Colleague: 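One structure is given below, represented as structure tokens, and several questions about it will come after.
Owing to the predicted nature of the structure, the values given are computational and were not obtained by experimental measurement.
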Amino acid sequence: MRRRTVRRRTARPVRPAPGATALAAGLLGVLLCGCAEPGGLQDAGPARPSTSPLTGPVYAVEGPGKPSLRRPASFEAGESVRLTGLRWLSWGGPAAEATGEASGGWCLPACRARSYPAKVTFAGLVRKDRSAYYGRAVVVVDGLPPGQHNELRDLRLFVPPQAPR
């Protein structure tokens with residue numbers, strides 16, 4: 001009986017034809033570009049604020065050099081609005097709500113002499129390091145003419161440039 005010799009072949013690497021690599025890259029580019037909008041990619045503006053839950057403390061600050069406050073009993077919102085007797089219904093979420101009283105120079109002459117019942121909402125969370133600060137306030141005062149409410153609809157609150165360490 002005659003023995004057969006089996007030759008083993010070794011695998012040789014596959015080498016593409018010289019123009020095949022360029023052709024594949026071009027086709028891939030066309031396919032990827034086909035997924036874009038007709039006008040190309042466009043900047044949609046700044047990134048949306050994170051919707052992930054905040055894990056650190058939330059503060060409000062009356063102004064530069066003033067301490068960071070949590071659930072303050074009184075608060076000066078700007079130079080002309082004084083909030084007192086604040087009882088917070090919520091704090092730490094996207095909005096904080098309280099009831100209390102408002103006085104100040106925004107509705108002269110009546111408001112300097114007396115305070116009015118008010119509903120206060122802090123909102124506009126600004127994240128800094130591991131904490132956040134309310135950046136806006138809305139104060140709704142009972143018993144005032146409608147025109148005097150306008151100054152209280154969008155109050156800017158001070159947000160420190162850097163969180164305290």
Side-chain angles (χ1 to χ4, degrees), residues 25 27-165:
L27 287 174
L28 181 61
V30 168
L31 288 173
L32 291 176
C33 289
C35 296
E37 292 293 323
L41 296 177
Q42 296 179 358
D43 182 9
R48 287 183 163 175
S50 171
T51 56
S52 62
L54 181 69
T55 56
V58 178
Y59 299 104
V61 181
E62 293 177 320
K66 303 274 182 139
S68 298
L69 304 170
R70 294 174 78 180
R71 295 181 178 260
S74 63
F75 192 85
E76 298 230 4
E79 295 179 13
S80 64
V81 180
R82 175 100 177 124
L83 305 170
T84 56
L86 295 174
R87 291 170 302 284
W88 293 96
L89 307 171
S90 64
W91 185 270
E97 295 182 342
T99 58
E101 297 197 351
S103 62
W106 47 271
C107 69
L108 289 175
C111 294
R112 252 209 226 280
R114 74 178 268 226
S115 54
Y116 290 86
K119 179 181 176 190
V120 178
T121 303
F122 286 178
L125 276 178
V126 178
R127 294 172 193 253
K128 298 282 185 173
D129 294 329
R130 292 187 177 112
S131 57
Y133 296 84
Y134 288 114
R136 297 262 195 235
V138 175
V139 180
V140 177
V141 178
D142 293 334
L144 288 181
Q148 291 182 320
H149 285 281
N150 292 338
E151 290 185 47
L152 305 175
R153 292 199 188 278
D154 188 22
L155 299 170
R156 289 183 181 227
L157 301 180
F158 178 78
V159 175
Q162 210 47 347
R165 294 186 187 246

Colleague: Evaluate the side-chain contact (heavy atoms from CB on, under 4.5 Å) criterion for residues Phe75 and Val120: first the C-alpha distance (whole Å), next the side-chain angles of each, then the deciding distance (0.1 Å), finally the verdict.
Modeller: CA-CA 11 Å; Phe75 192 85; Val120 178; over 6 Å; no
Colleague: Grab the two heavy atoms, one from Pro72 and one from Leu86, that are nearest each other, plus how far apart they are.
Modeller: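 Closest pair (atom of Pro72, atom of Leu86, distance): O-CB, 3.4 Å.
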Colleague: Mind checking what makes salt bridge (Lys or Arg N to Asp or Glu O under 4.0 Å) contact with Glu76, not counting sequence neighbours?
Modeller: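 For Glu76, the residues satisfying salt bridge (Lys or Arg N to Asp or Glu O under 4.0 Å) (neighbours in sequence not counted) are Arg82.
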Colleague: Is the CZ atom of Arg70 crowded by more than 12 outside heavy atoms at less than 6.0 Å?
Modeller: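 Yes.
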Colleague: Write down the atom of Glu97, the atom of Thr121, and the distance for their closest heavy-atom approach.
Modeller: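 Answer, listing the atom of Glu97 first, then Thr121: CG-OG1, 4.0 Å.
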Colleague: Quick one: which residue pairs count as a ring pair (Phe, Tyr, Trp, His ring centres under 6.0 Å) with a foot in residues 79-103, not counting sequence neighbours?
Modeller: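 Output for this query lists Trp88-Trp91, Trp88-Phe122, Trp91-Tyr134.
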Colleague: Do side-chain atoms of Arg87 reach the backbone of Gly85 as a donor and acceptor pair under 3.5 angstrom?
Modeller: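 A pair under 3.5 Å: yes.
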Colleague: Evaluate Phe158 against Glu62 for side-chain contact (heavy atoms from CB on, under 4.5 Å), listing each step before the verdict.
Modeller: CA-CA 6 Å; Phe158 178 78; Glu62 293 177 320; over 6 Å; no
Colleague: Any side-chain to backbone donor/acceptor pair from Ser80 onto Gly104? Under 3.5 Å, distance only.
Modeller: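 Pair absent, no side-chain N/O of Ser80 close to backbone of Gly104.
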Colleague: Side chains of Val159 and Leu157: closer than 4.5 Å at any heavy-atom pair?
Modeller: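 The answer is no; the side chains never approach within 4.5 Å.
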Colleague: Heavy-atom distance under 4.5 Å between the side chains of Pro160 and Lys128, does that happen here?
Modeller: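 Side-chain contact under 4.5 Å: no.
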Colleague: Using every non-hydrogen atom in the two residues, find where Ala95 and Ser90 come nearest and quote the distance to one decimal.
Modeller: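 Nearest heavy atoms, Ala95 then Ser90: O-OG, 3.7 Å.
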Colleague: Is the closest side-chain heavy-atom distance between Tyr133 and Val61 below 4.5 Å?
Modeller: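 SC-SC contact between Tyr133 and Val61 confirmed.
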Colleague: Leu125 and Gly93: which non-hydrogen atoms are nearest, and at how many Å?
Modeller: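 Heavy atoms only, the tightest pair is CD1-O, 3.5 Å.
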Colleague: How would you list all residue pairs meeting salt bridge (charged side-chain N to carboxylate O under 4.0 Å, His left out) that involve residues 131-141, not counting sequence neighbours?
Modeller: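 Residue pairs passing salt bridge (charged side-chain N to carboxylate O under 4.0 Å, His left out), neighbours aside: Arg136-Asp154.
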